[in-house]
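These notes are about the structure you will find just below.
Below, each value reflects all heavy atoms present in this structure, side chains not excepted, and no hydrogens, waters or symmetry copies. Predicted, not measured: the structure shown is a model, and the values here were computed from it.
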Amino acid sequence: MTTGPPLDVAHRLSGRRVDVTEPLRLGAGGRETAVAVRFLRECQSLGLRARWEPAYEEPACDISLLRHLPPPVESPGESQELRSWRAGHAYGMLYYRRGPGFVTVMDRRDRASSARYTLDHADLLSAFDTVLEATALSELSPVHREAVGLLAAERLALVTDGWVVALPPRIRRWPVPATGI
């Protein structure tokens, strides 16, 4: 089990709080965006409060895909999109649980329609496990690329400029009461 956030984003860890020391470039696209999303996802998975600022550039992806992740700190002149992210964020909007030979994903990012997915096909499950790390599409087999297409179509993976990363965090610390999510 992971004991701390990924080391590929500069940060300081203080108790249960993570301060990212450089702005995250979600608008950069490609590897940089995939790595930043993975970092935020893993912080949430570990129950850490992430404090971060975005680099100000046009987003390389649909920000509504990321509403389940810790939002950026408030800053003057920020876009309405970022304010909306902060206002609409709630713990447990998207997460996965692992069982023997399957993964169940709960998606409540769209308040009008929740969805539950069970990933139990071997190729789909293998692709999901692979893209828990930021991965270049060119490194995936044709079968995994097809599976990533299915995950992206259901908004469970972010594909950006030739890179992909899974979006749901694995919740390791459940709130009390756990029925709160």
Side-chain angles (χ1 to χ4, degrees), residues 2 4-6 8-9 11 16-20 23-29 32-55 59-74 78-98 102-119 124-125 127-135 148 150-160 163-181:
T2 306
D8 42 11
V9 170
H11 66 276
R16 306 248 18 107
R17 190 174 94 195
V18 175
D19 290 307
V20 178
L24 290 181
R25 297 190 60 214
L26 293 179
E32 220 171 331
T33 296
V35 165
V37 168
R38 176 180 174 259
F39 179 83
L40 293 173
R41 186 197 70 216
E42 289 305 305
C43 286
Q44 184 169 14
S45 179
L46 295 167
L48 301 172
R49 290 181 321 224
R51 182 175 165 77
W52 64 279
E53 294 178 11
C61 62
D62 176 2
I63 294 293
S64 70
L65 286 172
L66 309 179
R67 289 181 51 132
H68 66 289
L69 297 174
V73 295
E74 190 172 351
E78 70 184 5
S79 69
Q80 177 57 38
E81 211 171 23
L82 294 179
R83 286 192 296 274
S84 175
W85 181 355
R86 201 171 17 269
H89 178 265
Y91 187 75
M93 294 172 79
L94 175 69
Y95 62 89
Y96 78 92
R97 298 178 78 176
R98 187 172 293 278
F102 70 94
V103 163
T104 301
V105 179
M106 180 58 135
D107 186 355
R108 289 185 233 169
R109 289 173 292 179
D110 180 357
R111 296 183 195 272
S113 62
S114 295
R116 183 184 309 261
Y117 303 92
T118 301
L119 311 180
L124 188 58
L125 192 55
F128 179 80
D129 288 341
T130 298
V131 301
L132 287 171
E133 298 289 330
T135 306
V148 162
L150 295 172
L151 293 169
E154 297 298 341
R155 302 170 44 98
L156 302 179
L158 172 66
V159 177
T160 174
W163 284 77
V164 61
V165 65
L167 291 172
R170 183 175 188 183
I171 295 185
R172 293 179 172 97
R173 293 180 162 266
W174 287 87
V176 178
T179 57
I181 61 169

Exercise for the section: Quick one: list whatever passes salt bridge (charged side-chain N to carboxylate O under 4.0 Å, His left out) with R67, sequence neighbours left out. Expected result: none
Handout entry: Heavy-atom pair of closest approach, residues P169 and L94
Key = CD-O, 3.1 Å
Handout entry: Under the side-chain contact (heavy atoms from CB on, under 4.5 Å) test, residues paired with P71 that sit two or more places apart
Key = W85, R86, H89
Exercise for the section: Output, in order, the C-alpha distance, side-chain angles, deciding distance and verdict of side-chain contact (heavy atoms from CB on, under 4.5 Å) for H68 and L167. Expected result: CA-CA 9 Å; H68 66 289; L167 291 172; 4.0 Å; yes
Practice task
Answer whether the closest heavy-atom distance between the side chains of S113 and D110 falls below 4.5 Å.
Solution key: yes
Exercise for the section: Quick one: closest heavy-atom pair of R25 and A55, and the distance? Expected result: CG-CB, 3.6 Å
Exercise for the section: Show your reasoning for whether side-chain contact (heavy atoms from CB on, under 4.5 Å) applies to L151 and V159. Expected result: CA-CA 10 Å; L151 293 169; V159 177; over 6 Å; no
Problem - Note, R155 side chain near D62 side chain (heavy atom, < 4.5 Å) - result: yes
Problem - Main-chain N/O of P70 paired with W52 side-chain donor or acceptor, under 3.5 Å - result: yes
Exercise for the section: Say whether, by atom type as modelled, one donor and one acceptor occur between the side chain of T33 and the main chain of L26 under 3.5 angstrom. Expected result: yes
Handout entry: Main-chain N/O of E78 paired to R83 side chain as donor or acceptor, under 3.5 Å
Key = yes
Practice task
Given side-chain contact (heavy atoms from CB on, under 4.5 Å), test Y96 with M106 step by step and report yes or no.
Solution key: CA-CA 6 Å; Y96 78 92; M106 180 58 135; over 6 Å; no
Practice task
State, yes or no, whether a side-chain contact exists between P54 and P72 at a heavy-atom distance under 4.5 Å.
Solution key: yes
Completion exercise
Residues A134 and W163: closest non-hydrogen pair is O-CZ3, 3.7 Å
Handout entry: Side chain to side chain, V103 and T118, heavy atoms closer than 4.5 Å
Key = no
Exercise for the section: Carefully, step by step, assess Y117 and L156 under the rule side-chain contact (heavy atoms from CB on, under 4.5 Å). Expected result: CA-CA 10 Å; Y117 303 92; L156 302 179; 3.9 Å; yes
Fill in the blank from the handout: R17 meets the salt bridge (charged side-chain N to carboxylate O under 4.0 Å, His left out) criterion, sequence neighbours left out, with D19
Fill in the blank from the handout: Residues T130 and T135: closest non-hydrogen pair is O-OG1, 3.4 Å
Handout entry: Closest heavy-atom pair and its distance - A157, V164
Key = CB-CG2, 4.1 Å
Practice task
List in chain and number order the residues that pass salt bridge (charged side-chain N to carboxylate O under 4.0 Å, His left out) with E133, two or more places apart in sequence or in another chain; answer none if no residue qualifies.
Solution key: R38
Exercise for the section: Could you tell me whether a side-chain N or O of S45 sits under 3.5 Å from a main-chain N or O of I171, the two making a donor and an acceptor? Expected result: no
Exercise for the section: Check salt bridge (charged side-chain N to carboxylate O under 4.0 Å, His left out) between D129 and all other residues, then give those that pass, not counting sequence neighbours. Expected result: R98
Handout entry: Distance (rounded to the nearest 0.5 Å) between L66 CG and M93 CE
Key = 11.0 Å
Handout entry: Side-chain donor/acceptor of R109 to backbone N/O of L65, under 3.5 Å
Key = yes
Exercise for the section: Could you grab the distance from atom CZ of R97 to atom OG1 of T104, nearest 0.5 Å is fine? Expected result: 8.0 Å
Practice task
Would you confirm whether S79, through its side chain, and L82, through its main-chain N or O, come within 3.5 Å as a donor-acceptor pair?
Solution key: yes
Fill in the blank from the handout: Taken in chain and number order and not counting sequence neighbours, the residues that satisfy side-chain contact (heavy atoms from CB on, under 4.5 Å) with A166 are R41, F128, V131, L132, P168
Problem - Smallest separation among heavy atoms of Q44 and G92, with atom names - result: NE2-N, 4.1 Å
